[in-house]
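Input: a single structure, listed below in structure tokens.
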2 protein chains.
Amino acid sequence: MLQLTKRTEYGLLALVHLADREGAVASVREICERFPLPKRTVAEVLKDLQHAGLVDSIRGSSGGYTLARAPEQVTLGDVVRALEGAPPLTTCESPIVLKGGGCEVQPMCPIKSPIQRVRERLWQMLEHTTLRSLVSKGSHVSLGALGAVESN
Amino acid sequence: MLQLTKRTEYGLLALVHLADREGAVASVREICERFPLPKRTVAEVLKDLQHAGLVDSIRGSSGGYTLARAPEQVTLGDVVRALEGAPPLTTCESPIVLKGGGCEVQPMCPIKSPIQRVRERLWQMLEHTTLRSLVSKGSHVSLGALGAVESN
DNA sequence: GCAATTAGCACCTTTTGAGTGCGCTTTGGA
DNA sequence: TCCAAAGCGCACTCAAAAGGTGCTAATTGC
Ligand code: SF4
Ligand code: SF4
């Protein structure tokens, strides 16, 4: 449906909070105190982000999560890839397993190639949008992010 | 899920076929003879495209559809808008009715503005991808080799 | 009149997304 | 030592969306 899932939004908000904490651990409770989000679901999302290597987790009583990389090196694309799986855009080019035999139209599909081009460009856009640019949006507008995306 | 619906794909394929026909009427049956698609669903999609003003319909025995505009003036964005409704990308900025009271995070959301920027750029991308570019992209395969269409 | 075709609406089925239950593990601190 | 706070893992329910179909008109060339 050409729309980000709420899981992705939750992930982004959580990452923004972690970025604000600058390396300090932040628990799910702390995140949900800042943003009114369903705690359990956010926990699930953070867990997935941990599996994807975007955050590190600290267990135990005073545990929580920290950013695994600098905010400049985490992109919207990373988050989407971690939380929504593959970057398909079409049903034919799902990267790994195409169950059900794939699309019947494929051998004669005139739109496959151009749509893949659109997908690539979209993905480039996501890859060039860093967590840093999201964080700085809170206070002032970062024009640097726009310039980076504008490359075509 | 950041993916085009099958309805959109069907619509694009149908429009490509209509574009190949260069103003001649093409029925749903004809389209589904060229592409192995579920006839009824394609009919539903064409109907929606007609409502959106992208195609004209001719009823009756030898009826069908024709392009309402030149292929240069139909964009991927038009098709998506016609078949998937609004261009949300996030749940907060759905244009018309926001049922359920909208997002609770909104007053303090740090990612709303930057995500809207991404949405706008994505939309620009879709608006700049014309049906003409899809048609010419597909024609690296000669129509004669397809076997189904022989009258051009 | 007949057959082909679009129009309209409602319905069903499958898939996906969102959220929760429940028990376990880890760990710091009282 | 014990407990509370936090993450871990899995499976499960519930709701919404997407995909597809049934059925009955209305239109129109032959
Ligand atoms: S219709 Fe074309 S673009 Fe769509 S899934 Fe099939 S092969 Fe891919
Ligand atoms: S979290 Fe922010 S971007 Fe997402 S719907 Fe709410 S206000 Fe919009």
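Chain letters run A, B, ... following the sequence lines, proteins first and then strands; every chain starts at 1.
In this structure, the separation between CD on B:E9 and CD on B:Q3 is 8.0 Å, given to the nearest 0.5 Å. In this structure, the separation between CG on A:L4 and CG on A:L126 is 7.5 Å, given to the nearest 0.5 Å. With rounding to the nearest 0.5 angstrom, the NZ atom of B:K6 is 7.5 Å from the SG atom of A:C103. To the nearest 0.5 Å, atoms CG (B:L67) and CG (B:L131) are separated by 6.0 Å.
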Extract all donor-acceptor atom pairs below 3.5 Å that involve side chains of residues 34-58 of chain A and protein atoms in other chains or at least two apart in sequence.
unit_1	atom_1	unit_2	atom_2	d
A:R34	NH1	A:H17	ND1	3.1
A:R34	NH1	A:D20	OD2	2.8
A:R34	NH2	A:D20	OD2	3.1
A:E44	OE2	A:K47	NZ	3.0
A:D48	OD2	A:R7	NH2	2.3

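As rounded to whole Å, 18 Å separates atom P of D:dA17 from atom CG of B:L4. Between the CD atom of B:E84 and the P atom of D:dA18 there is a distance of 7 Å, given to the nearest Å. Atom CD in A:Q50 sits about 9 Å away from atom C1' in D:dC8, given to the nearest Å. Taking atom CD of residue B:Q3 and atom P of nucleotide C:dT16, one finds them 9 Å apart after rounding to whole Å. Atom C1' of nucleotide C:dG8 and atom CG of B:L49 are separated by 16 Å, given to the nearest angstrom. When rounded to the nearest whole Å, the span between CG of A:L83 and P of C:dG19 equals 14 Å. Whole-Å rounding puts the B:L2 CG to C:dG17 P distance at 11 Å. Rounded to a whole Å, the CG atom of A:D48 is 14 Å from the P atom of D:dG7.
Taking only distance into account, the side chain of A:K6 never meets the base of C:dG17 through a donor-acceptor pair shorter than 3.5 Å. Taking 3.5 Å as the limit, the base of D:dG7 and the side chain of A:K47 contain no donor-acceptor pair of atoms between them.
Applying a 4.0 Å cut-off to non-hydrogen atoms, the residues of residues 25-33 of chain A that approach DNA chain D are A:S27, A:V28, A:R29, listed by residue number.
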Worked verdict on A:R81 versus A:W123 for side-chain contact (heavy atoms from CB on, under 4.5 Å): CA-CA 10 Å; A:R81 194 176 11 250; A:W123 215 246; 3.1 Å; yes
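Residue pairs meeting the salt bridge (Lys or Arg N to Asp or Glu O under 4.0 Å) criterion with at least one partner in residues 59-69 of chain A, sequence neighbours excluded, are A:R69-A:D78.
The side chain of A:H51 contributes an N or O atom lying less than 4.0 Å from OP1 or OP2 of D:dG9. Between A:Y65 and the phosphate of D:dA6, there is no side-chain N or O to OP1/OP2 separation shorter than 4.0 Å.
Summary of helix geometry: the two end axes of the helix from C:dG1-D:dC30 to C:dA30-D:dT1, each defined by five base pairs via their C1' atoms, are inclined to each other by 0° (rounded to 10°).
Between the side chains of A:E72 and A:T130, no donor N or O sits under 3.5 Å from an acceptor N or O.
Side-chain contact between A:V135 and B:P110: absent, with no pair of heavy atoms (C-beta onward) separated by less than 4.5 Å. When side chains are defined from C-beta on, A:T129 does not count as touching A:T75, because their heavy atoms never get closer than 4.5 Å. B:L18 is not listed as a side-chain neighbour of B:P71, based on a closest heavy-atom distance of 4.5 Å or more.
In this structure, the side chain to side chain contact (heavy atoms under 4.5 Å, CB included) partners of A:S27, at least two apart in sequence or on a different chain, are A:R29, A:E30.
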B/S/- contact track for nucleotides 20-30 of chain C, protein heavy atom under 4.0 Å: BBB--BBBB--
